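Everything numeric in this text was worked out from a predicted model, so none of it was measured. Note that these values count all heavy atoms, side chains included, but never hydrogens, waters or copies made by symmetry.
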Amino acid sequence: MQKYVKMAKDFGVEKVVGMTSEGEGIVNEILDAIIPDTGPDLLVCGADEDGEHHYSSISIKLAKKAKISVIVIR
């Protein structure tokens with residue numbers, strides 16, 4: 001995570017907050033608590049480990065439900 005935070009800062013992004021989390025209910029935690037509390041313009045999340053995009057994928061759920069832009073990185 002810190003590698004990507006540093007990269008963003010090196011490219012001139014001034015306000016960067018890196019967060020990691022795991023566990024059940026994370027989609028709702030991100031959508032209902034983290035995004036409203038931090039006010040980001042962009043959400044960057046990783047693809048599932050197997051690289052498959054299936055209906056239970058956290059990244060797919062976030063991309064569909066978030067009211068901000070979402071980038072999914074494999």
Side-chain angles (χ1 to χ4, degrees):
M1 176 62 62
Q2 293 307 316
K3 172 184 171 183
Y4 296 109
V5 169
K6 183 181 180 325
M7 285 175 60
K9 289 181 179 180
D10 289 346
F11 278 103
V13 180
E14 294 177 10
K15 187 177 178 184
V16 180
V17 177
M19 295 180 180
T20 59
S21 185
E22 294 182 26
E24 292 185 34
I26 190 60
V27 171
N28 291 335
E29 178 72 16
I30 292 169
L31 296 174
D32 299 337
I34 295 173
I35 289 174
D37 287 351
T38 60
D41 298 317
L42 174 67
L43 175 64
V44 180
C45 56
D48 290 336
E49 283 185 26
D50 58 9
E52 295 293 323
H53 296 291
H54 45 77
Y55 295 109
S56 63
S57 167
I58 292 171
S59 56
I60 296 299
K61 288 178 184 176
L62 289 170
K64 286 182 177 181
K65 295 180 178 182
K67 294 180 181 174
I68 60 172
S69 296
V70 178
I71 295 176
V72 179
I73 298 176
R74 190 186 308 214

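- Residues meeting the side-chain contact (heavy atoms from CB on, under 4.5 Å) test with A8, sequence neighbours left out: V13, V16.
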Please list, one pair per line, the donor and acceptor atoms closer than 3.5 Å that link side chains of residues 25-46 to other protein atoms, with sequence neighbours excluded.
unit_1 : atom_1 : unit_2 : atom_2 : d
T38    : OG1    : I34    : O      : 2.7

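- Hydrophobic clustering (side-chain heavy atoms under 4.5 Å, transitive across Ile, Leu, Val, Met, Phe, Trp, Tyr) keeps I58 apart from I71.
- Linking Ile, Leu, Val, Met, Phe, Trp and Tyr residues whenever their side-chain heavy atoms come within less than 4.5 Å leaves I73 and L62 in two separate clusters.
- In this structure K6 satisfies the salt bridge (charged side-chain N to carboxylate O under 4.0 Å, His left out) test together with D10, sequence neighbours excluded.
- The hydrophobic cluster containing F11, built from Ile/Leu/Val/Met/Phe/Trp/Tyr side-chain heavy atoms closer than 4.5 Å, comprises no other residue.
- Every residue two or more places apart in sequence or in another chain that forms a side-chain contact (heavy atoms from CB on, under 4.5 Å) with T20 is listed here: M1.
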